[in-house]
J.: 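My questions all concern the structure below.
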There are 2 protein chains.
Amino acid sequence: MASGSVRTAVRPDKAAAEEVPGFRPLYRQVYEVLVRRIAEGVWKPGDALPSEPEIAADLGVSHGTVRKALDELAAENLVLRRQGRGTYVASHDDARILFQFFKIVADTGEHRFPESRILSVDIVDADSDAVQRLAVRAGARMVRLDRVRSVGEKLCIFERILLPKVMFPGIEKRALPNNLYELYRSVFGVTIVRTTEKLKAVGATRSVAKHLDVAAGTPLLQVDRVAFGIDGKAAEWRVSLCLTDTTHYLSDLR
Amino acid sequence: MASGSVRTAVRPDKAAAEEVPGFRPLYRQVYEVLVRRIAEGVWKPGDALPSEPEIAADLGVSHGTVRKALDELAAENLVLRRQGRGTYVASHDDARILFQFFKIVADTGEHRFPESRILSVDIVDADSDAVQRLAVRAGARMVRLDRVRSVGEKLCIFERILLPKVMFPGIEKRALPNNLYELYRSVFGVTIVRTTEKLKAVGATRSVAKHLDVAAGTPLLQVDRVAFGIDGKAAEWRVSLCLTDTTHYLSDLR
DNA sequence: CAGTGGTCTAGACCACATG
DNA sequence: ATGTGGTCTAGACCACTGT
């Protein structure tokens, strides 16, 4: 089916534009159309988008306007552009996750994806913390996942992950890979594009200390992360407790 | 003196351009000219830049090219653009510092600039850590500054700051305000535009514990920050030890 | 070679702020 | 009314990638 021009679809004419309260610039509307299509799976991660002139003709806007929309998509790591090749929907391969979301780095500067070992998988009811962080109903069914992670032989992270069961049906019966975000995308159609993290220093509880093979009270970096999908909905709440004797969390601000 | 066009100054003609190894797009050259002028103080923080058509005519490039350069400057928070008003060089007022560089937030969500109390000011020689982080000569003269910070009545941060003496002559004899970055800019012409931070969880040493009025071994969030000036040179190394029982470090990733 | 993204231009018009 | 930044267009040409 023809998608029609953005202008006629969203901004009927220039005279009417001023009366529309939620008016957005054309390039922003193009951006939203493209995000929607990616979210709906019209183009899947790794696929090439149509060329810039094609998108422009399809939506009835100019080259420059499409470009500005794609610039924003690229700035948010939703697409990858390669001169001479094309524009591709970003995927969640290990390298991207590592670069974008996994901020724990060895003090030597080495940056490696950690191995994971699952400790437990449970179905639980959402408590008030989960309700607040994931915006689910009180008592909603959740999948809770505990695991420990290590780099090389060294245990370094204990992690508790909470997922709304309804967004990830049957995940509790699956074999769980190292890179969960790739699983969320490929099996459940949930593409993580943004996270917010709250960091604290805490002392290891006895149970966590046991899992990490350290003394109770050992200082740990607690990373409390909520991850959001391309549709803006919170999809995962994860609390990681990290041993930072030989690693650190890297944060560049500008 | 006339600044001349960017094109004739940096890219004599299109045929020759390919032979230049360090070729950069025009808008990038415009960007660099503008950064240089801001760094040199041609326009100071708070000043308005010339209008877009003026800059375009001045440098002999088109409106669109100037715009793309200014877009980058604005994206890096070096300038602030206000429709109908003009483009202004960004300043380091408390609100900006708070938003851009001070990531410690109360668990309640409240975001306040902390009060500071200076503990000591010393002149020391650069040790190997300082040499590595600030790229100064071994044994270079440094100013070392210890202080504690509090929000309301609550002590929450012990901080040790190291500055190359040559970049901040006489700072050791000054009264030191709460907002050091603003002092660096207004008195020493050093505008901080970027930082890199390494975070760890550590236990409070006896001396730090005393300053923060907590028990030795209390878990603290250690923030090890190097701040860079607009010229790209490292200007400050700061290690902050933060009590995170009622606060956290906020990090949004996308 | 053809097709892709990347750069640059010139000009029109809009939205906002100030006098 | 004037001047500012913000949006949008149409078209030219460049640089890179694969056939």
J.: Nearest nucleotide by nearest heavy atom, which residue falls closer to the 5' end of DNA chain D, B:S51 or A:R28?
T.: B:S51
J.: Rounded to the Å, how far apart are B:L80 CG and D:dG5 C1'?
T.: 12 Å
J.: Taking the side chain of B:H63 as heavy atoms from C-beta outward, which of C:dT7, C:dA12, D:dT17 is closest to it?
T.: C:dA12
J.: Can you find a side chain N or O atom of A:T87 that sits less than 4.0 Å from OP1 or OP2 on C:dG5?
T.: yes
J.: Rounded to whole angstroms, how far apart are CG on B:L26 and P on D:dC13?
T.: 17 Å
J.: Distance to the ring centre below 6.0 angstrom and angle to the axis at most 45 degrees; does that hold for A:R96 and A:F99?
T.: no
J.: Rounded off to whole Å, could you give me the CD1-to-P distance for the B:I55 and D:dG6 pair?
T.: 12 Å
J.: Assign the ring pair B:F102 / B:F113 to parallel, tilted or perpendicular, where the plane angle (0 to 90°) is split at 30° and 60°.
T.: tilted
J.: Figure out the OH/P separation between A:Y88 and D:dC16, and round it to whole Å.
T.: 17 Å
J.: What's the closest nucleotide to the B:R67 side chain, out of D:dT4, D:dT7, D:dT17?
T.: D:dT7
J.: Which whole-number value in Å describes the distance from A:R82 CZ to D:dC16 C1'?
T.: 12 Å
J.: If I take atom CG in residue A:L59 and atom C1' in nucleotide D:dT9, what distance separates them, rounded to the nearest angstrom?
T.: 15 Å
J.: The side chain of A:T65 is closest to which nucleotide in this list: D:dG18, D:dT4, D:dT9?
T.: D:dT9
J.: Between B:H92 and B:Y181, what is the ring plane arrangement, given parallel below 30°, perpendicular above 60°, and tilted in between?
T.: tilted
J.: State which residue, out of A:L162, A:V223, A:L180, fulfils the side-chain contact (heavy atoms from CB on, under 4.5 Å) condition with A:R238.
T.: A:L180
J.: What is the distance from CD of B:E54 to P of D:dT2, rounded to the nearest Å?
T.: 17 Å
J.: From D:dT9, C:dT7, C:dG11, pick the nucleotide closest to the side chain of B:K68?
T.: C:dT7
J.: Within less than 4.0 Å of OP1 or OP2 of C:dG5, is there a side-chain N or O belonging to A:R85?
T.: no
J.: Expressed in angstrom and rounded to an integer, what is the separation of A:E52 atom CD from C:dG5 atom C1'?
T.: 5 Å
J.: So if I take every side-chain heavy atom of B:Q83 and compare against C:dA15, D:dT7, C:dG5, which nucleotide ends up nearest?
T.: C:dA15
J.: Do the side-chain N or O atoms of A:Y27 get closer than 4.0 angstrom to the phosphate oxygens (OP1, OP2) of D:dT7?
T.: yes
J.: As a test of reading the structure: which of C:dC8, D:dT7, D:dA10 is closest to the side chain of A:P25, going by heavy atoms?
T.: D:dT7
J.: Establish, for the pair B:K68 and B:Y27, whether the NZ or CZ atom is under 6.0 angstrom from the six-membered ring centre and no further than 45 degrees off its axis.
T.: yes
J.: Can you check whether A:R81 has a side-chain N or O nearer than 4.0 Å to OP1 or OP2 of C:dG6?
T.: yes
